[in-house]
Number of protein chains: 2
Amino acid sequence: MWVMSLRIALLGLLTAYGSASGYDLTKAFERSVAHVWQAGHSQIYPELAKMTADGLVTVEAEGARGRKIYSITPEGREELRAWLLGHEPTGPARSEIALQAFLLPLLESGEARAVLQRLKTHMERRLTELEALWEARHAAPGLKGASGVRFGNLALDLGIRQMRTTLQWADDAIAQLGGQT
Amino acid sequence: MWVMSLRIALLGLLTAYGSASGYDLTKAFERSVAHVWQAGHSQIYPELAKMTADGLVTVEAEGARGRKIYSITPEGREELRAWLLGHEPTGPARSEIALQAFLLPLLESGEARAVLQRLKTHMERRLTELEALWEARHAAPGLKGASGVRFGNLALDLGIRQMRTTLQWADDAIAQLGGQT
DNA sequence: AATTACATGTAAGCGGTTACATGATTGT
DNA sequence: ACAATCATGTAACCGCTTACATGTAATT
């Protein structure tokens, strides 16, 4: 039962925004958490319903177009707090890049180099996106959290660093292959 | 349809080992790929059955205790090759650490620091394990791939680098929090 | 009038985890 | 005899993706 991270992400967003509809949360997901976790509306709506049943959120009001406005309850706040303070991250994230890295020696070195090169191009594009986001955040005022740090900046920093590390790894791997052809 | 990475991992292992039973593959998973991808026997046995039906592997022989020995077919080899050469890695891996990082500003800085510290301890332990594995691999002769590189070394290198990066990030995040208390 | 954006849901199917279930062989 | 390991499978449940389905309000 203790993975349930969609729940946690939603509680986090509700804490940050105060109150929001399922639609708002879906959009907020796309804009922010999406770099770290994905979820579509078809997953979010039923989850909000379950969370309402579990008393973690409530329907505060119903607006135009059937819009339901949710807010977090004290129980929800407690659940979020408990997760943040007590959650032990489970085993290594399953990463397709890592799997590709694992299997790469099965290719001959010329092909392996081509794969790494393609991977690099892909990652460079992503890195540029993340860096642009970073710049934008440091120019415009953002959503503030309890400790005054902008919401999501730490995660963005982590993402950028990991991308750079992976790029460096790809470079070194290519260099190594080159020496063994 | 194009995620299917368990299939790919199994084909990769079968290529490396030549032939193996479902049991062997399950054990091999635990020992090697597990740092990158997890799968239990309850997933592997049915998948091998499906792969047999799809002509990617064949039951080469049946040994003692109902042991079925699988080997890869030319079609299987082709499938693996196509994936390695052609697979575009999809969006960012969903990582629990990253989600925690994202939500961390919702805690007050003392608590956030404690969470980061716990995360660090956890990651330091994992890093030590990975480094021990690295040392072991450089001492003992390992499984060799087509290009002469030891199978899985590239992935292990990537894992170690990412772990170090994440540790550095945690240190810097703690330092930042310290300055804001 | 037509299109876009808002807004909410359900259903099918897949991948993955945990637990259940069974039995043979080897080592102590 | 008993335990551990070998060896294979099934069932229930959950999380996630894709697609289906419906309707309202604002914009052009």
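Order of the sequence lines fixes the chain letters, A, B, ..., with proteins taken first and strands second; residue numbering starts at 1 for each chain. Computed from a prediction, not measured in an experiment: that's the story for all the values here.
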| message | Is there a path of hydrophobic side-chain contacts, each under 4.5 Å between heavy atoms of I/L/V/M/F/W/Y residues, joining B:Tyr17 to B:Trp37? | response | yes

| Side-chain heavy-atom pair A:Tyr45, A:Tyr23 within 4.5 angstrom cut-off | yes

| message | How many whole angstroms separate atom CD of A:Glu47 from atom C1' of D:dT17? | response | 15 Å

| A:Asp157 and A:Arg137 ion-paired at < 4.0 Å | no

| field | Length of the line joining A:Ile44:CD1 and D:dC16:C1', which is rounded to integer Å | value | 12 Å

| request: Mind running side chain to side chain donor-acceptor pair (under 3.5 Å) on B:Thr166 and A:Gln162 for me, showing each step along the way? | output: CA-CA 7 Å; B:Thr166 311; A:Gln162 279 180 344; 3.1 Å; yes

| query | Who passes ring pair (Phe, Tyr, Trp, His ring centres under 6.0 Å) against A:Phe29, sequence neighbours left out? | reply | none

| message | Tell me the interatomic distance from A:Gln38, atom CD, to D:dC16, atom P, rounded to whole angstroms. | response | 10 Å

| field | For A:Ser32, side-chain contact (heavy atoms from CB on, under 4.5 Å) partners two or more places apart | value | A:Leu13, B:Phe102

| field | salt bridge (Lys or Arg N to Asp or Glu O under 4.0 Å) partners for B:Glu75, two or more places apart | value | none

| message | Salt bridge check, B:Lys50 against B:Asp54: does any charged N sit closer than 4.0 Å to a carboxylate O? | response | no

| Length of the OH-P vector between B:Tyr45 and C:dG16, whole Å | 18 Å

Check nucleotides 18-20 of chain C against the protein and report each pair of N or O atoms closer than 3.5 Å, with its distance, or say if there are none.
from, atom 1, to, atom 2, distance (Å)
C:dT18, O4, B:Ser42, OG, 2.6

| query | Taking 4.0 angstrom as the limit, do A:Glu131 and A:Arg164 come out as a salt bridge? | reply | yes

| request: In plain terms, say whether B:Arg7 and B:Glu47 are close enough for a salt bridge, that is, a side-chain N and a carboxylate O under 4.0 Å apart. | output: yes

| remark: B:Lys27 NZ to D:dA4 P, in whole Å, measures 14 Å

| request: Would you jot down, in residue-number order, the residues of residues 19-26 of chain A having a non-hydrogen atom under 4.0 Å from DNA chain D? | output: none

| Sequence-aligned protein contact record of nucleotides 22-28 of chain D, with B where the base is within under 4.0 Å of a protein heavy atom and S where only the sugar-phosphate is | --BS---

| Whole-Å gap separating P (D:dG15) and CG (A:Leu6) | 9 Å

| message | Any carboxylate oxygen within less than 4.0 angstrom of a Lys/Arg side-chain nitrogen, looking at A:Lys68 and A:Glu60? | response | no

| task | For A:Glu30 and D:dT17, give me the distance from atom CD to atom P, rounded to whole Å. | result | 12 Å

| task | Mind calculating the distance between CZ (B:Phe29) and P (C:dG16) to the nearest angstrom? | result | 9 Å

